[in-house]
Every structure is written in structure tokens, then in C-alpha cells.
A.B. asks: 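Sharing a structure, written as C-alpha cells. Questions coming.
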Protein chains: 2
Amino acid sequence: MDKKAPAGNPSRPNPLPGCPMAAAFAAIGGKWKLTLLYWLAHGETHFAGLRRRAAPITPKVLAEQLRELEADGLVERVETGPVPAPVVYRLTPYGTTVLPVVEGVRVWGEAHLRRTQGEASPAVPMSCADMIA
Amino acid sequence: MDKKAPAGNPSRPNPLPGCPMAAAFAAIGGKWKLTLLYWLAHGETHFAGLRRRAAPITPKVLAEQLRELEADGLVERVETGPVPAPVVYRLTPYGTTVLPVVEGVRVWGEAHLRRTQGEASPAVPMSCADMIA
DNA sequence: CTGTATCCGTGCCGATACTG
DNA sequence: CAGTATCGGCACGGATACAG
């Protein structure tokens, strides 16, 4: 029974074995993963915290994505309390290595946003803000 | 405004309006888009060239992704000949702005590959190689 | 050579409800 | 609070064949 998978049990299989792009995509290509990593870069949070930040994500999908990120060694799940179990999610040291990528995507996305929508975008309309650790 | 930037006809709608991540993902989040941009960074190619490079992509999907990249102003389609129509695809100036992101993803993907598979990956097994312009 | 048409499988994601 | 269960849908991506 697979309990934890430190970098030997990738959540998603690489469709193109040996291709760096595909490998990266398998790890951080989920719809919400970059956003989750982005918010986790701000500091550890718990489940509900991520739920609030990460827009209209549903608990099921959030749990899935978190478990995949965990399986890829990017995110660490820490149980801080015994009973009410305020679990805390945080980036692993390895997880911090993706932050430049996350930031790169975010910055480019911002520029792209301004390009496509011009000035039509207010500041932080939904949930994603700017800044990064 | 912009001389030839479509930039008003995004191929994929942004599911989270105003979110840079989502915007970026809508533009370059396609399964093959990063790979295509990567190869296009090596120089202009034609349809068949991309087909060969981009692994087992099917013509339909290739055409789709290319049209989306074109709609987002990242890729330019140039017809070089009249009849046999050797069309050439190339990055637009704006398209080159994503190259850092592409490279970042690729580099991280390589590291991730080595992390997950150790030394089990031969050199360029399928189609993706290394290097970039 | 450069695509398009048609059909289809399934992976990804979502809503709601329920449990420790 | 932190998740899991179940169900479903739809879009994304794919295969094959055909056309300009």
C-alpha cells in the first residue's frame, strides 16, 4: 500500500518519457497547481486557507491536486494538532525550486493579461493577487 | 494600438478573469504548446517539421494548437510558396517573450526528470531534445 | 505538403452530500 | 476543520480518413 511517495511515485505518468516539458507538465500542469504553489509560496496554510485563496476550487479537486503535489515531492502535509487536526500544507525544499517557474509564468501571465484585455482588468478581481515570496 | 497583434481574440477563455496564472495557462497551457514554442524557438519550421519534432502529435491537434498560438499572437503563419504551399511557422516578437518561461519549465522539467527517474532516462529518447536559442 | 472532417474515448474537473 | 464518496459532464485530446 502506497503511503507516501518521495519522488518515486509520480502522480501523473509522463506521456512522453524523457521529455522535460512533458515531465514538468505532468507535475505542475494541473489546472490549479501553479496557483496552489503560488499561494503556498506565501507561507504554509491549511486546507481551508487554500480553498479560500484558490478561487472556486472544490474540496475534492483541491485534495486531489494537493496529493499529487505531495506525491511529486513539492508539497508537504504536516499535521499540527491531534484532534481538530489543523493540517498545514507547506512547500518542501524541493518545492521551492519551482517557484522561479511559477513566478515566471505569473509575470508573463500578467503581461499577457494586459495585452489581451488592455486596461480592462481591475486589481485582483477574483482571488489571485500579486507578489511572491 | 498594436500593428498586427490579434490580442483580442483569445483562443481559450480565461476561466478566472484577472488571474495571471489562469491567463497564462489559457495561452500556453495546452498539452503541446510549450513543446511547440520550444521547437519554434530553434527557428521557423513548417507543418511537417513540427509534426516530426513534436513527437506523436496528430495533424488535427497540431493545427489546433498552432491556430490557438496564432490567435494569441505568439506564432505567425507565413506562406512562402503559392502552390505546394510550404507554409512556415515562426515565433512573433511577442512570442519570444514566453521563451524564458519555456526555458524555465524545460530546465526544471529536466531536473525533475532526473529526480524522479534518476539515471533511467537515456538521452533524447523520443523527440524532445535540449538546447534552446 | 498542408491541412480539414468526423467520430470517439477518457481524463480532468466540478457539484453535492456525507464522514472522522 | 479536513477531507472522502459518488456521480456526471464536457472539453480536450486522439485516430483515421479525406481534401486543396
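In what follows, every heavy atom counts, from backbone to side chain, and hydrogens, waters and symmetry copies are set aside. Residue numbers begin at 1 in each chain, while the letters A, B, ... track the order of the sequences.
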A.B. asks: Which nucleotide, dT4(C), dG3(C), dG3(D), lies nearest any side-chain atom of Arg77(B)?
C.D. replies: dG3(C)
A.B. asks: Does the Thr80(B) side chain pair with the main chain of Val87(B), one donor and one acceptor, at a distance under 3.5 Å?
C.D. replies: no
A.B. asks: Atom CD of Glu68(B) and atom P of dA11(D): how far apart are they, to the nearest Å?
C.D. replies: 13 Å
A.B. asks: Does Tyr89(A) make a side-chain N or O approach to OP1 or OP2 of dC1(D) shorter than 4.0 Å?
C.D. replies: no
A.B. asks: Within this structure, what is the NZ-to-P distance between Lys31(B) and dG9(C), rounded to whole angstrom?
C.D. replies: 17 Å
A.B. asks: Given atom CD1 of Ile28(B) and atom P of dC12(D), what is their separation to the nearest angstrom?
C.D. replies: 16 Å
A.B. asks: Send over the distance from Lys60(B) NZ to dA17(D) P, rounded to a whole Å.
C.D. replies: 16 Å
A.B. asks: Name the residue closer to the 5' end of DNA chain C, choosing between Pro59(A) and Phe25(B) according to the nucleotide with the nearest heavy atom.
C.D. replies: Phe25(B)
A.B. asks: What nucleotide, of dC12(D), dG14(C), dT2(C), holds the atom closest to the side chain of His46(B)?
C.D. replies: dT2(C)
A.B. asks: Provide the closest heavy-atom pair for Leu99(B) versus Ala41(B) in the form atom of the first, atom of the second, distance.
C.D. replies: CD2-CB, 3.7 Å
A.B. asks: Can you figure out which of dT2(C), dC13(C), dG14(D) approaches the side chain of Trp32(B) most closely?
C.D. replies: dG14(D)
A.B. asks: Please give the angle, rounded to 10 degrees, between the axes at the start and the end of the helix from dC1(C)-dG20(D) to dG20(C)-dC1(D), where five pairs define each axis.
C.D. replies: 50°
A.B. asks: Any idea how Trp108(A) and His112(A) line up, ring-wise: parallel (<30°), tilted (30 to 60°), or perpendicular (>60°)?
C.D. replies: parallel
A.B. asks: Using atom CD of Gln65(A) as one end and atom P of dG3(D) as the other, report the distance to the nearest whole Å.
C.D. replies: 15 Å
A.B. asks: Using a strict 4.0 Å threshold on nitrogen-to-oxygen distance, state whether Arg114(A) and Glu110(A) make a salt bridge.
C.D. replies: no
A.B. asks: Between Asn14(A) and Leu113(B), does a side chain to side chain contact (heavy atoms under 4.5 Å, CB included) hold up when you go through it step by step?
C.D. replies: CA-CA 9 Å; Asn14(A) 185 345; Leu113(B) 216 46; 3.9 Å; yes
A.B. asks: For the side chain of Val61(B), starting at C-beta, report the closest nucleotide among dG3(D), dG14(D), dG3(C).
C.D. replies: dG14(D)
A.B. asks: Please determine, for the side chain of Val87(B), which listed nucleotide (dG3(D), dG3(C), dC1(C)) has the closest atom?
C.D. replies: dG3(C)
A.B. asks: In this structure, how many angstroms lie between the P atom of dC1(D) and the CD atom of Glu79(A), rounded?
C.D. replies: 17 Å
A.B. asks: For side chain to side chain contact (heavy atoms under 4.5 Å, CB included), just list the numbers for Tyr89(B) and Glu76(B), CA-CA rounded to whole Å, side-chain angles, deciding distance to a tenth of an Å, and then say yes or no.
C.D. replies: CA-CA 6 Å; Tyr89(B) 290 94; Glu76(B) 193 177 11; over 6 Å; no
A.B. asks: Report yes if the side chains of Val75(A) and Arg90(A) come closer than 4.5 Å at any heavy-atom pair, otherwise no.
C.D. replies: no
A.B. asks: Which part of the nucleic acid does Arg67(A) contact within heavy-atom distance under 4.0 Å: base, sugar-phosphate only, or nothing?
C.D. replies: sugar-phosphate
A.B. asks: Can you measure Arg12(B) atom CZ to dC10(D) atom C1' for me and round it to whole angstrom units?
C.D. replies: 13 Å
A.B. asks: For Glu64(A) and dC13(C), what is the distance between atoms CD and C1' respectively, to the nearest whole Å?
C.D. replies: 8 Å
